[in-house]
Enquirer: 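Okay, handing you the structure first.
Nothing fancy with the numbering, it's 1 onward along the sequence. Everything quoted here is computed from the prediction, not taken from an experiment.
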Amino acid sequence: MKALDKFLEFQVDKITTGRPLPIDLDALSADLGVAVDEREMIPEAAMQAVKGRFHIYLQSNFKDRPGANLRRRFSHAHEIGHTLFYEQRDGELKARKDSPRGDVLEAACHKAASMILVPSTILRAELRDRELTNTPELVILAKRFEVSIEVMVRRLHESGAFD
C-alpha cells in the first residue's frame, strides 16, 4: 500500500471508528470542529481554513433535484478529506508539508470521501454478513451506506471484494 493510501486509511479510521451507518457527515463535521454552511454558489462545495477553523461551504442551489443528496454527501465528504491534509502550525491551520498538491490532492480527497462514506472496517463487517452475488445486493449495500453505486463499486474493488 502506498504511503498516501496508508495515511488516508489511518486518518479516516480515526474519525469514523464507532460511527453508525450511514455516516452522519454533519455530526462528523461538528466533532471535527468544522463549520458547515450552505450557500448559493457555482462549485458544489469548497473548504477554507480561517482563523484556526475549517469552514465547508455546500452548494444550496440545486439540493432539491433528484439524486442531489448522494452527490452532496460525496462533496461534503470530499471537503472533509481536504481537512486531513492540514495541521496546526504557528497557531494557524496550514497545509501539511507532505501534503499532495493539485490534481494529486483532488484525487486523494476523492478517495478520502469514498473511505469516509464507506469505512473499511464497516465494509469488511458488512461483507462478512452478506454475499455479493448479484446486482440487487450491490444496490442494497449502496443504500445502506447512502452512496452511489459508483462509490460502492470503487470501495468494493479497493477492498478486494471482487478478487
Side-chain angles (χ1 to χ4, degrees), residues 1-65 67-126 141-148 150-152 154-155 158-159:
M1 185 183 279
K2 297 185 299 188
L4 183 56
D5 290 342
K6 285 183 181 181
F7 171 81
L8 288 174
E9 192 71 43
F10 175 78
Q11 295 296 325
V12 170
D13 192 49
K14 188 168 62 171
I15 65 175
T16 59
T17 295
R19 294 184 183 275
L21 287 181
I23 299 297
D24 182 337
L25 297 176
D26 290 327
L28 176 59
S29 293
D31 291 347
L32 296 172
V34 177
V36 179
D37 297 307
E38 292 185 3
R39 293 184 172 179
E40 287 194 15
M41 57 187 197
I42 298 300
E44 291 183 37
M47 189 282 298
Q48 185 177 29
V50 180
K51 296 182 183 175
R53 186 168 189 200
F54 293 113
H55 295 264
I56 291 176
Y57 305 103
L58 300 173
Q59 182 186 67
S60 64
N61 319 28
F62 310 108
K63 71 179 184 178
D64 296 329
R65 289 198 173 175
N69 184 51
L70 296 183
R71 193 167 175 92
R72 182 181 177 84
R73 282 178 52 76
F74 189 86
S75 295
H76 189 164
H78 175 97
E79 298 308 324
I80 291 171
H82 275 285
T83 71
L84 302 177
F85 295 102
Y86 279 75
E87 62 188 359
Q88 281 284 346
R89 214 170 48 238
D90 302 324
E92 293 183 39
L93 288 169
K94 296 183 179 180
R96 294 171 52 101
K97 292 181 179 177
D98 61 349
S99 174
R101 304 282 189 259
D103 290 342
V104 176
L105 174 61
E106 290 305 310
C109 291
H110 265 50
K111 186 166 191 166
S114 295
M115 295 167 78
I116 289 166
L117 294 168
V118 185
S120 297
T121 53
I122 299 173
L123 180 59
R124 282 191 295 271
E126 287 287 322
L141 195 58
K143 284 183 180 179
R144 178 148 166 67
F145 283 85
E146 278 189 32
V147 297
S148 67
E150 179 186 354
V151 168
M152 184 53 65
R154 188 179 315 126
R155 289 298 289 138
E158 289 168 358
S159 74

Enquirer: For Arg124, what residues pass the side chain to side chain donor-acceptor pair (under 3.5 Å) criterion, not counting sequence neighbours?
Expert: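 Side chain to side chain donor-acceptor pair (under 3.5 Å) check on Arg124 returns nothing, list empty.
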Enquirer: How far apart are the closest heavy atoms of Pro119 and Thr16, and which atoms are they?
Expert: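 So the minimum-distance heavy-atom pair works out to CB-OG1, 3.7 Å.
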Enquirer: Does the side chain of Lys6 reach to within under 4.5 Å of the side chain of Phe10, using non-hydrogen atoms?
Expert: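 Not touching, per the 4.5 Å side-chain cut-off.
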Enquirer: How would you list, by chain and number, every residue that makes a side chain to side chain donor-acceptor pair (under 3.5 Å) with Asn61, sequence neighbours excluded?
Expert: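 Asn61 satisfies side chain to side chain donor-acceptor pair (under 3.5 Å) with no residue once adjacent residues are dropped.
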Enquirer: Quick check for you: to the nearest 0.5 Å, what is the distance between Ile122 atom CD1 and Asp13 atom CG?
Expert: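 That separation rounds to 9.0 Å.
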Enquirer: Who pairs with Asp64 by salt bridge (charged side-chain N to carboxylate O under 4.0 Å, His left out), at least two apart in sequence or on another chain?
Expert: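 So Asp64 forms no salt bridge (charged side-chain N to carboxylate O under 4.0 Å, His left out) with any residue.
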Enquirer: Is the backbone of Phe62 close enough, under 3.5 Å, to the side chain of Arg72 for a donor and an acceptor to pair up by distance?
Expert: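 Flag not set: sc Arg72 to bb Phe62 has no pair under 3.5 Å.
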Enquirer: Please confirm whether the backbone N or O of Ser60 pairs with a side-chain atom of Glu38, one donor and one acceptor, at under 3.5 Å?
Expert: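 A pair under 3.5 Å: no.
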Enquirer: Applying ring pair (Phe, Tyr, Trp, His ring centres under 6.0 Å), which residue pairs with at least one partner in residues 13-53 are found, sequence neighbours left out?
Expert: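 Of all non-adjacent pairs touching residues 13-53, none passes ring pair (Phe, Tyr, Trp, His ring centres under 6.0 Å).
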Enquirer: Not counting sequence neighbours, list each pair that qualifies as a side-chain hydrogen bond (donor to acceptor under 3.5 Å, both in side chains) and has a residue in residues 25-36.
Expert: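 Of all non-adjacent pairs touching residues 25-36, those that pass side-chain hydrogen bond (donor to acceptor under 3.5 Å, both in side chains) are Arg19-Asp31, Ser29-His76.
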Enquirer: Could you tell me whether the side chain of Glu146 and the main chain of Leu70 form a donor-acceptor pair under 3.5 Å?
Expert: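 Pair absent, no side-chain N/O of Glu146 close to backbone of Leu70.
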Enquirer: Identify, with sequence neighbours excluded, every residue that meets side chain to side chain donor-acceptor pair (under 3.5 Å) alongside Asp103.
Expert: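 With neighbours one apart ignored, the set is empty.
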Enquirer: Output every pair passing ring pair (Phe, Tyr, Trp, His ring centres under 6.0 Å) with a member in residues 78-121, not counting sequence neighbours, ordered by first then second residue.
Expert: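 Non-adjacent pairs meeting ring pair (Phe, Tyr, Trp, His ring centres under 6.0 Å): Phe7-Phe85, Phe54-Tyr86, Phe74-His110, His78-His82, His78-His110.
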Enquirer: To check you understand the geometry: which heavy-atom pair defines the closest contact between Ala108 and Pro100, and what is its length?
Expert: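 Looks like CB-CG, 4.4 Å.
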Enquirer: Please give me the minimum heavy-atom distance between Ile23 and Ile116, naming the atom from each residue.
Expert: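 Shortest heavy-atom contact: CG1-O, 3.3 Å.
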Enquirer: Of the non-hydrogen atoms in Pro22 and Arg73, which two are nearest, and what is the gap between them?
Expert: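 Minimum heavy-atom separation between Pro22 and Arg73: CB-NH2, 3.9 Å.
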Enquirer: More than 12 heavy atoms of other residues, nucleotides or ligands under 6.0 Å from CZ of Arg101: yes or no?
Expert: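 More than 12 within 6.0 Å, yes.
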Enquirer: Mind listing the closest non-hydrogen atom pair of Ala112 and Leu8 along with its distance?
Expert: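 Reported closest heavy-atom pair: CB-CD2, 3.9 Å.
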Enquirer: Tell me, please, which residues at least two apart from Lys143 pass salt bridge (charged side-chain N to carboxylate O under 4.0 Å, His left out).
Expert: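 Salt bridge (charged side-chain N to carboxylate O under 4.0 Å, His left out) list for Lys143, sorted by chain: empty.
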Enquirer: Testing the basics here: between Met115 and Val12, what is the closest heavy-atom pair and its distance to 0.1 Å?
Expert: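 Answer, listing the atom of Met115 first, then Val12: O-CG1, 3.4 Å.
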Enquirer: Report yes if some heavy atom in the side chain of Val34 is under 4.5 Å from a heavy atom in the side chain of Ile80; otherwise report no.
Expert: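 They are not in side-chain contact.
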Enquirer: Of all residues at least two apart in sequence or in a different chain, which pass the side chain to side chain contact (heavy atoms under 4.5 Å, CB included) check with Lys94?
Expert: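 Checked Lys94 against side chain to side chain contact (heavy atoms under 4.5 Å, CB included); matches are Arg89, Asp90, Glu92.
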Enquirer: Are any of the side-chain nitrogens in Arg154 or Glu150 under 4.0 Å away from the carboxylate oxygens of its partner?
Expert: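 Yes, this pair counts.
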Enquirer: Ser120: what forms a side chain to side chain donor-acceptor pair (under 3.5 Å) with it, not counting sequence neighbours?
Expert: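 If we apply the side chain to side chain donor-acceptor pair (under 3.5 Å) test to Ser120, skipping adjacent residues, the hits are Glu9, Arg155.
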Enquirer: Determine which pairs satisfy side-chain hydrogen bond (donor to acceptor under 3.5 Å, both in side chains) with at least one residue from residues 39-54, sequence neighbours left out, and list them in order.
Expert: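 Those involving residues 39-54 are Glu44-Arg71, Glu44-Ser75, Gln48-Tyr57.
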Enquirer: Could you go step by step and tell me if Glu126 and Leu21 meet the side-chain contact (heavy atoms from CB on, under 4.5 Å) rule?
Expert: CA-CA 11 Å; Glu126 287 287 322; Leu21 287 181; 4.1 Å; yes
Enquirer: Any chance you could measure Thr83, atom OG1, to Ile15, atom CD1, to the nearest 0.5 Å?
Expert: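 These two atoms lie 6.5 Å from each other.
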Enquirer: For side-chain contact (heavy atoms from CB on, under 4.5 Å), just list the numbers for Arg144 and Met152, CA-CA rounded to whole Å, side-chain angles, deciding distance to a tenth of an Å, and then say yes or no.
Expert: CA-CA 10 Å; Arg144 178 148 166 67; Met152 184 53 65; over 6 Å; no
